[in-house]
Amino acid sequence: MCADGGKSLGSTEKPDGTPLYGIGEVSATTGISAFTIRYYDKCGFFPNLHRDRRGVRKFSNDDVGQLHLVEALRKSGLSIEGIQYFVRLCRRGDAARTERLSILRAQETVLEYQRDELDESLKRLHSATVDLEATGSSEQADML
């Protein structure tokens, strides 16, 4: 798998002793809705996802780690198709390591740029708040 598992949740196990978790447990632990997790599964983001004999999804620690990575990629603005491509690269292993690193670095850059823009917006709002509080009048509101 492409992401490490992170902390253990504790539920059922595979025959080899690997812990498995239901979608409700994963949702409660990660804060990602069950609906979103099911959608991500339908998109193919968990190619090694285990299902019990009734077809119920069972997530390993690696799957939960993959979910966190997928969510980070989505929040960075990477498209569903882009994440599907990234997952395919993960399945290729070391042969696609350089390309995966390139994608991750590009998304880091996107987020850093967005953070800088948000920081600048926050400074401007803070400055406007301070100015408005200092004047005690509606002069600053007239700027808009």
Side-chain angles (χ1 to χ4, degrees), residues 1-14 17-52 55-144:
M1 199 42 65
C2 215
D4 67 17
K7 70 177 184 174
S8 177
L9 302 174
S11 188
T12 60
E13 294 182 349
K14 282 185 180 179
T18 304
L20 295 173
Y21 317 103
I23 198 164
E25 291 173 286
V26 173
S27 177
T29 303
T30 63
I32 301 169
S33 74
F35 177 85
T36 298
I37 296 169
R38 284 185 197 96
Y39 175 70
Y40 287 168
D41 181 34
K42 288 178 185 173
C43 289
F45 297 161
F46 309 107
N48 299 320
L49 187 64
H50 179 75
R51 290 182 184 263
D52 68 14
V56 176
R57 294 171 181 89
K58 294 294 182 178
F59 294 81
S60 68
N61 287 331
D62 285 344
D63 296 324
V64 174
Q66 184 82 354
L67 174 61
H68 284 295
L69 179 57
V70 165
E71 187 74 354
L73 290 169
R74 279 300 292 149
K75 288 180 178 178
S76 75
L78 193 61
S79 68
I80 294 296
E81 294 80 8
I83 298 171
Q84 288 169 331
Y85 180 68
F86 185 83
V87 170
R88 285 193 304 272
L89 291 175
C90 287
R91 295 195 68 158
R92 289 179 40 204
D94 284 342
R97 184 176 186 275
T98 302
E99 194 168 357
R100 289 191 333 248
L101 278 171
S102 176
I103 291 169
L104 292 174
R105 287 184 179 132
Q107 294 314 117
E108 285 178 349
T109 301
V110 167
L111 288 175
E112 288 166 357
Y113 178 77
Q114 290 173 346
R115 182 181 55 201
D116 291 345
E117 285 186 327
L118 289 171
D119 286 344
E120 184 61 33
S121 294
L122 182 59
K123 286 178 193 174
R124 289 175 192 231
L125 290 174
H126 180 71
S127 178
T129 301
V130 169
D131 289 348
L132 188 58
E133 289 174 341
T135 63
S137 70
S138 63
E139 291 175 25
Q140 291 296 322
D142 293 339
M143 289 182 7
L144 300 175

If the condition is side-chain contact (heavy atoms from CB on, under 4.5 Å), which residues does Ser102 pass it with, not counting sequence neighbours? none
With sequence neighbours excluded, residues passing side chain to side chain donor-acceptor pair (under 3.5 Å) with Tyr85: Glu99
Is there a side-chain contact between Phe45 and Leu69 (heavy atoms, below 4.5 Å)? no
CG/Asn61 to CG/Leu20 distance, rounded to the nearest 0.5 angstrom? 9.0 Å
Apply side chain to side chain donor-acceptor pair (under 3.5 Å) to Thr129 and list each qualifying residue two or more places apart in sequence or on a separate chain. none
Salt bridge (Lys or Arg N to Asp or Glu O under 4.0 Å) filter on Glu120, not counting sequence neighbours, yields Arg124
Is it true that a side-chain atom of Thr29 and a backbone atom of Glu25 form a donor plus acceptor pair closer than 3.5 Å? yes
Report, one line per pair, each donor and acceptor closer than 3.5 Å where one atom sits in a side chain of residues 109-119; sequence neighbours left out.
{"unit_1": "Thr109", "atom_1": "OG1", "unit_2": "Arg105", "atom_2": "O", "d": "3.0"}
{"unit_1": "Tyr113", "atom_1": "OH", "unit_2": "Glu117", "atom_2": "OE2", "d": "2.8"}

Side-chain contact, heavy-atom cut-off 4.5 Å: Gln66 with Val87? yes
Under 4.5 Å between any side-chain heavy atoms of Asn48 and Arg91, yes or no? yes
Can you tell me how far CZ of Arg100 sits from SG of Cys90, rounded to the nearest 0.5 angstrom? 5.0 Å
Rounded to the nearest 0.5 Å, how far apart are CZ of Arg97 and CG of Leu89? 13.5 Å
Heavy-atom closest pair (Ala34 atom, Ser27 atom, distance to 0.1 Å) is N-OG, 3.5 Å
Any pair with a residue in residues 28-45 that passes salt bridge (Lys or Arg N to Asp or Glu O under 4.0 Å), sequence neighbours left out, goes on the list, sorted by first then second residue, please. Asp41-Arg51, Asp41-Arg57
Measuring only between side-chain heavy atoms, which start at C-beta, is Val26 closer than 4.5 Å to Ile37? yes
Can you give the donor-acceptor pairs under 3.5 Å from side chains of residues 70-77 to other protein atoms, not counting sequence neighbours?
{"unit_1": "Glu71", "atom_1": "OE1", "unit_2": "Tyr40", "atom_2": "OH", "d": "2.7"}
{"unit_1": "Arg74", "atom_1": "NH1", "unit_2": "Leu78", "atom_2": "O", "d": "2.8"}
{"unit_1": "Ser76", "atom_1": "OG", "unit_2": "Leu73", "atom_2": "O", "d": "2.6"}
{"unit_1": "Ser76", "atom_1": "OG", "unit_2": "Gln107", "atom_2": "NE2", "d": "2.7"}

